[in-house]
Amino acid sequence: MPPIFALVDCNNFYVSCERVFQPLLCGQPVVVLSNNDGCIIARSEEAKTLGIPMGLPFFQMREQFPNLSIQVYSSNYALYGDMSARVMSILKQFSPQVEVYSIDEAFLDISGCAGGDLKAYGHRIRHTVKQWTGIPVSIGIGATKTLAKLANRLAKRADAAQGVFDLTGSKPQDDVLQSTPVKDIWGIGRSYSRLLQANGIATALALRDADDRWIRKHMGVVGIRIVWELRGISCLPLERHAPPKKSLMVSRSFGRSITSLDDMREAVATYASRAAEKLRRHRLAAGILSVFLMTNRFKSDEPQYSNDIKITLPVASSDTAELIAYALAGIEHLYEAGYRYKKAGVLLTGLVPAHQIQMHLFDARDRERAQKLMTLVDHINTQMGSGAIQYAVAGFRPRWQMRRARMSKRYTTQWDELAVVRAV
DNA sequence: TCTGGGGTCCTAGGACCC
DNA sequence: TCTGGGGTCCTAGGACCC
């Protein structure tokens with residue numbers, strides 16, 4: 001049986017999560033900010049209607065919309081991650097074939113599940129997710145992932161069929177593709193969009209019927225796959241199991257610029273420590289550690305500097321102390337006094353499963369002991385809350401910490417932040 | 001004062017080898 | 001004047017995604 005893809009996408013996901021626990025926000029313009037309260041990364045429909053663009057820096061929103069009353073939240077990933085897991089577990093009851101594509105999206109293969117009426121099945125999914133979690137979703141159905149994505153866009157339109165759009169029927173496809181600008185196709189970004197339009201390919205229909213050789217030449221195999229998917233030939237299979245991670249990064253902009261090596265050391269030690277925790281959670285070890293730092297690229301009047309260094313470890317490791325040591329050695333090498341640093345980060349690559357680390361003959365480190373210590377630290381931090389135990393080099397209450405002034409409570413993952421309901 | 005973070009895949013080009 | 005051909009591997013950078 002050929003697959004039938006349903007793309008289930010949570011509407012304005014972060015805003016919807018906030019609304020579940022603060023129903024007063026429903027009907028009001030709401031936005032959620034990126035880390036460091038930097039940019040707007042989620043908007044309610046009301047906020048979109050007001051003309052607030054995606055990615056707008058928060059301080060510019062305050063300049064441009066000074067008189068509007070908009071509810072603003074810092075991003076609360078503890079809450080969003082947990083709500084996402086709830087939504088995904090519900091979707092798995094509607095199909096054994098689910099690919100969790102991002103925090104707020106999943107592809108389902110619903111061939112064989114829907115019993116003939118795809119649209120009705122979509123509505124059942126939508127209704128169940130809403131009832132059980134409070135999160136509204138939109139569902140697009142198509143013969144390929146690309147077409148399901150496209151259908152999802154239509155499902156979100158107010159005039160469409162209440163959140164579900166089925167594109168598998170052959171009839172309506174041409175006009176739908178005709179009315180879809182190339183920039184709205186999954187996989188077509190700014191640059192390809194410009195290229196295509198400059199060559200007279202402005203709609204999904206035109207792209208579907210474009211010349212393969214031209215596409216291959218200018219957009220590579222990625223482009224060919226998009227075109228074929230638009231023709232209904234599935235090139236992107238459902239991936240039920242996430243392929244193994246190839247890299248892992250922890251980086252943050254600083255709440256205020258760093259101008260001393262001591263502060264930079266604290267920040268980088270903190271990031272290395274977080275990265276090591278992530279490694280262990282995925283049962284991985286890293287063979288290569290890169291560190292980078294940079295000044296604020298938006299401040300053209302300030303001297304600019306950015307640099308990075310890549311360190312190959314003698315033996316792949318997930319030991320916090322060891323990764324911190326390499327990261328500090330790296331950052332001390334990169335650090336130049338006299339700049340105002342805005343961001344730094346630690347990137348781990350050369351990842352291998354923790355159980356198949358290649359040992360080194362002259363390795364002096366007592367790795368067994370280190371591993372026991374890490375297991376203990378992780379256990380304590382799981383029980384007592386993240387950060388209960390940490391390395392002193394990472395600093396306490398550091399000056400450079402990111403801003404998150406408008407954070408809601410962690411309603412679903414923290415006992416002392418549960419929602420309180422009062423019966424009057 | 002103020003501008004996110006974390007990923008993947010693909011391609012071109014250089015280094016190196018026979 | 002004129003300077004092979006064909007591989008592999010690695011890396012940096014571009015493009016895209018959410």
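Reminder, nothing fancy here: chain letters follow the sequence lines and each chain counts from 1.
Between A:I188 atom CD1 and B:dC9 atom P there is a gap of 18 Å when expressed in whole angstrom units. Atom CZ of A:R190 and atom P of C:dC16 are 8 Å apart (whole Å). Separating the CD1 atom of A:I215 from the P atom of B:dC10 is a distance of 17 Å, rounded to the nearest angstrom. C:dA15 atom P lies 10 Å from atom CG of A:L195, rounded to whole Å. The distance from atom OH of A:Y80 to atom C1' of C:dC18 is 15 Å, rounded to the nearest whole Å. Distance, A:Q64 CD to B:dC2 P: 17 Å, rounded to whole Å. The distance from atom NZ of A:K145 to atom P of C:dC18 is 12 Å, rounded to the nearest whole Å.
A ring-centre distance under 6.0 Å is not found for A:Y14 and A:Y73.
Residues A:I141 and A:Y121 fail the side-chain proximity criterion, which asks for heavy atoms closer than 4.5 Å.
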For residues 124-138 of chain A, run the donor-acceptor check on the side chains, cut-off 3.5 Å, and write out each pair with its distance to 0.1 Å, sequence neighbours left out.
from   : atom 1 : to     : atom 2 : distance (Å)
A:R126 : NE     : A:Q162 : O      : 3.0
A:R126 : NH1    : A:V137 : O      : 2.5
A:T128 : OG1    : A:R124 : O      : 2.7
A:T133 : OG1    : A:V129 : O      : 2.6
A:T133 : OG1    : A:I135 : N      : 3.1
A:S138 : OG     : A:N11  : OD1    : 2.7

Tell me which donor-acceptor pairs under 3.5 Å the side chains of residues 183-196 of chain A have, and how far apart each pair is, sequence neighbours excluded?
from   : atom 1 : to     : atom 2 : distance (Å)
A:D184 : OD2    : A:R153 : NH2    : 3.2
A:S193 : OG     : A:Q197 : NE2    : 3.4

Can you give each donor-acceptor pair under 3.5 Å made by side-chain atoms of residues 55-66 of chain A, sequence neighbours left out, with the distance rounded to 0.1 Å?
none

Side-chain donor-acceptor distances from residues 236-259 of chain A under 3.5 Å, at least two apart:
from   : atom 1 : to    : atom 2 : distance (Å)
A:R240 : NE     : A:P96 : O      : 3.3
A:R240 : NH2    : A:P96 : O      : 3.3

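Atom C1' of C:dC18 sits at a distance of 24 Å from the matching atom of B:dC2, rounded to the whole Å.
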Let me have a per-nucleotide readout for nucleotides 3-8 of chain B, 5' to 3', with B, S or -, counting only protein heavy atoms under 4.0 Å.
BBSSSS

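A:R340 comes within 4.0 angstrom of no nucleic acid atom, judged by non-hydrogen atoms across all strands.
With DNA chain B read from its 5' end, the first of the two nearest nucleotides for A:S257 and A:K217 is the one closest to A:S257.
For the salt bridge (charged side-chain N to carboxylate O under 4.0 Å, His left out) test, no residue two or more places apart in sequence or in another chain qualifies with A:D175. When the salt bridge (charged side-chain N to carboxylate O under 4.0 Å, His left out) test is applied to A:D9, the partners found at least two apart in sequence or on another chain are A:K156. Residues forming a salt bridge (charged side-chain N to carboxylate O under 4.0 Å, His left out) with A:R225 (at least two apart in sequence, or on another chain): none. In this structure, the salt bridge (charged side-chain N to carboxylate O under 4.0 Å, His left out) partners of A:K145, at least two apart in sequence or on a different chain, are A:E99.
A donor-acceptor contact shorter than 3.5 Å links the side chain of A:N152 to the backbone of A:L7.
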Give me, pair by pair, the N or O atoms of the protein and of nucleotides 11-13 of chain C that are less than 3.5 Å apart, along with how far apart they are.
none

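In DNA chain B, runs of at least 3 stacked Watson-Crick or G-U pairs (N1-N3 plus N6-O4 or O6-N4, or N1-O2 plus O6-N3, all under 3.5 Å) give these stems: B:5-18 with C:5-18.
Between A:Y411 and A:F21, the ring planes are parallel. Angles under 30° get that label, and only those over 60° would be called perpendicular.
At a non-hydrogen distance threshold of 4.0 Å, nothing from residues 322-330 of chain A comes into contact with DNA chain B.
Other residues, nucleotides and ligands place no more than 12 heavy atoms under 6.0 Å from the CD atom of A:Q371. With a 6.0 Å radius and a threshold of 12 heavy atoms from other residues, nucleotides or ligands, A:R404 has its CZ atom at or below the threshold.
For A:R225, a side-chain nitrogen or oxygen approaches OP1 or OP2 of B:dC10 to under 4.0 Å.
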